[in-house]
Amino acid sequence: MHSSAVFLIEFGAIILALGLLGRLAARLRFSPIPLYLLAGLAFGEGGLLPLGASEEFVAIGAEIGVILLLLMLGLEYTAGDLVSNLKTQYPAGLVDFALNAVPGAVMALLLGWGPIAAVVLAGITWISSSGVIAKVLGDLGRIGNRETPVILSILVLEDLSMAVYLPLVTALLAGTGFVAGGITLAIALGVAGLVLLLAVRFGRVISRFVSSDDPEKLLLVVLGLTLLVAGLAQQLQVSAAVGAFLVGIALSGEVAEGAHNLLAPLRDLFAAVFFVFFGLHTDPASIPPVLLPALALAVVTALTKIATGYWAARRAGVSVRGRWRAGGTLVARGEFSVVIAGLAVTSGIDSRLGPLATAYVLILVVVGPLTARYTDQIALGIAKWRRARTAPAEPAAEPSAPAEVRDQDAVGRS
């Protein structure tokens, strides 16, 4: 009974604090994500008031939060939108990999951590946070913007790439042979392809199966189906987030609209728990020793992500302001980077990799909502200032004669 009471007190305090922080962020017209993360730091390992009894429940809630964020993103688009965007945006995926994975690999090699650590850190710097970006797009009201399909295409390409990357890096960290690693990779690719095929080919059938006039039944079926597919995908070495996103893609029409309205409050609750959970597992004392390399890496890869989004949006014909918004929105790193770092830490690679990855993600998950909101304003302001400096100066007007002189001239002419 005592442990149950402690759990209720702790979890209730977390939810109450999140609600108050959300109100504060709304008044400041600011994304609440950085405040949620700072709250996690305050109540996590080495924080002001560490929590214990509710930690396991918060961990499960965090996983559900990521799944719901990606499901809600998927509900905004049809299978046809997904296929057409992937066909047109795959070059952006290649540019994204080249600009953002290479800095991480180079940093690991410069620090002397070896090639396997280079592969791990490349993944950490490459993948943007679908969860954070989905939350930011909703907070800023940009779901319907022209640049949003470009952003989502890049995120989906990254998430699908994880179906290849995660089995590969797992095999490298475990030291398994080529055959075993190849089998794991083939299974992951097959599962991802199968789920995508079902979403594209049988989306209407799935929507009819899920459809219900009773909100309670619709909520239970959609949520149960999503968690089931996400769990199966993760069990087969495919991202649970990819599975949830594809379930959202498969649902369309009135079913998608009804599910969106029913699931929105649940998404907001569990998404907030996800960001708190990330902070809970970060010991503030481990950050200072690796802060400088993490900060340098964050600056470089923030700029490369902005360049990636700008290039992809320009290629799609988006306006200049939308190009900068696309780049700024992609800056945040989060759940995938944490998963990759966790694999490396448990395998016993260099002990400094975990704290560096944590500091790096914390920096960009706080900076990401800021760049999403202000990058276009800053870029256009700088461009306007440069035009003003380089514009040719207008010739100065001749000074007019004093009033007394004009009066004397007038008297003389008279």
Side-chain angles (χ1 to χ4, degrees), residues 70 73 82 84-107 118-119 121-137 140 142 145-162 164-165 239 241-242 245 294-337 340 357 360-361 363-380 382-383:
L70 270 295
L73 264 185
L82 174 65
S84 61
N85 285 332
L86 291 180
K87 286 181 178 178
T88 57
Q89 292 298 332
Y90 76 88
L94 298 176
V95 171
D96 180 32
F97 172 78
L99 290 181
N100 298 287
V102 171
V106 170
M107 174 65 78
V119 174
L121 197 53
I124 291 170
T125 58
W126 171 24
I127 304 297
S128 297
S129 171
S130 300
V132 174
I133 292 170
K135 177 67 174 171
V136 168
L137 288 173
L140 298 179
R142 294 182 182 174
N145 280 22
R146 177 88 187 276
E147 73 276 2
T148 300
V150 176
I151 296 170
L152 294 181
S153 297
I154 293 174
L155 293 178
V156 171
L157 286 168
E158 289 181 349
D159 288 349
L160 292 176
S161 298
M162 287 293 97
V164 178
Y165 175 83
S239 166
V242 172
F245 182 83
L295 184 60
L297 197 57
V299 170
V300 171
T301 55
L303 295 176
T304 54
K305 274 292 183 182
I306 291 173
T308 299
Y310 186 95
W311 183 87
R314 184 181 66 178
R315 185 172 174 274
V318 178
S319 66
V320 173
R321 189 155 198 160
R323 298 172 197 173
W324 288 115
R325 284 198 298 263
T329 304
L330 287 169
V331 166
R333 310 308 199 271
E335 58 275 9
F336 272 130
S337 298
I340 296 167
Y360 169 80
V361 172
I363 292 169
L364 289 185
V365 85
V366 171
V367 171
L370 300 177
T371 59
R373 185 178 181 89
Y374 298 113
T375 296
D376 60 326
Q377 300 174 33
I378 295 172
L380 294 178
I382 292 174

Response to the item:
Taken in chain and number order and not counting sequence neighbours, the residues that satisfy side-chain hydrogen bond (donor to acceptor under 3.5 Å, both in side chains) with Thr304 are Asn100
Practice prompt. Using side-chain hydrogen bond (donor to acceptor under 3.5 Å, both in side chains) as the criterion, list what pairs up with Thr371, not counting sequence neighbours.
Written response: none
Worksheet item: Is a side-chain donor or acceptor of Lys305 paired with a backbone partner of Val300 at a separation under 3.5 angstrom?
Response: no
Discussion item. Using side-chain heavy atoms (C-beta onward) and a distance below 4.5 Å, is Leu380 in contact with Arg321?
Written reply: yes
Practice prompt. Calculate, to the nearest 0.5 Å, the distance between atoms CG and CG belonging to Asn145 and Leu140 respectively.
Written response: 9.5 Å
Worksheet item: Can you tell me how far OG1 of Thr125 sits from CE of Met107, rounded to the nearest 0.5 angstrom?
Response: 9.5 Å
Item to complete: Could you give me the CA-CA distance, side-chain angles and deciding distance for Ile340 and Tyr165, then say whether side-chain contact (heavy atoms from CB on, under 4.5 Å) is met?
Response: CA-CA 10 Å; Ile340 296 167; Tyr165 175 83; 3.6 Å; yes
Discussion item. Nearest 0.5 angstrom please: Ile154 CD1 to Tyr90 OH, how far?
Written reply: 14.5 Å
Worksheet item: In chain order, what residues pass the side chain to side chain contact (heavy atoms under 4.5 Å, CB included) check against Ala118, with sequence neighbours excluded?
Response: Ala105, Ala108, Leu109
Response to the item:
Contacts satisfying salt bridge (charged side-chain N to carboxylate O under 4.0 Å, His left out) that involve residues 145-154 (not counting sequence neighbours) are Glu147-Arg325
Fill in: Closest heavy-atom pair and its distance - Asp96, Trp126
OD2-NE1, 3.5 Å
Worksheet item: Taking all non-hydrogen atoms of both residues, which atom of Arg323 and which atom of Val318 are closest, and how far apart?
Response: NE-O, 2.9 Å
Item to complete: Please list, chain by chain and in numerical order, all residues satisfying salt bridge (Lys or Arg N to Asp or Glu O under 4.0 Å) with Arg315, sequence neighbours excluded.
Response: none
Worksheet item: Which atom pair, heavy atoms only, marks the closest approach of Val150 to Ala313?
Response: CG1-N, 3.9 Å
Worksheet entry | Side-chain touch Thr301/Tyr360, heavy atoms, less than 4.5 angstrom | yes
Discussion item. If the condition is side chain to side chain contact (heavy atoms under 4.5 Å, CB included), which residues does Leu152 pass it with, not counting sequence neighbours?
Written reply: Leu73, Tyr77, Leu137, Thr148, Leu155
Discussion item. To check you understand the geometry: which heavy-atom pair defines the closest contact between Ala92 and Ala312, and what is its length?
Written reply: CB-CB, 3.6 Å
Worksheet item: Are Leu297 and Leu121 close enough that some pair of their side-chain heavy atoms sits under 4.5 Å apart?
Response: yes
Response to the item:
Between Ser128 and Ile133 the two heavy atoms that sit nearest each other are CB-CD1, 3.7 Å
Discussion item. Suppose we screen for side chain to side chain contact (heavy atoms under 4.5 Å, CB included). Which residues come up paired with Ile306, at least two apart in sequence or across chains?
Written reply: Trp324, Val331, Thr375
Fill in: Least distance between heavy atoms, Ala357 atom then Ile124 atom
CB-CD1, 3.7 Å
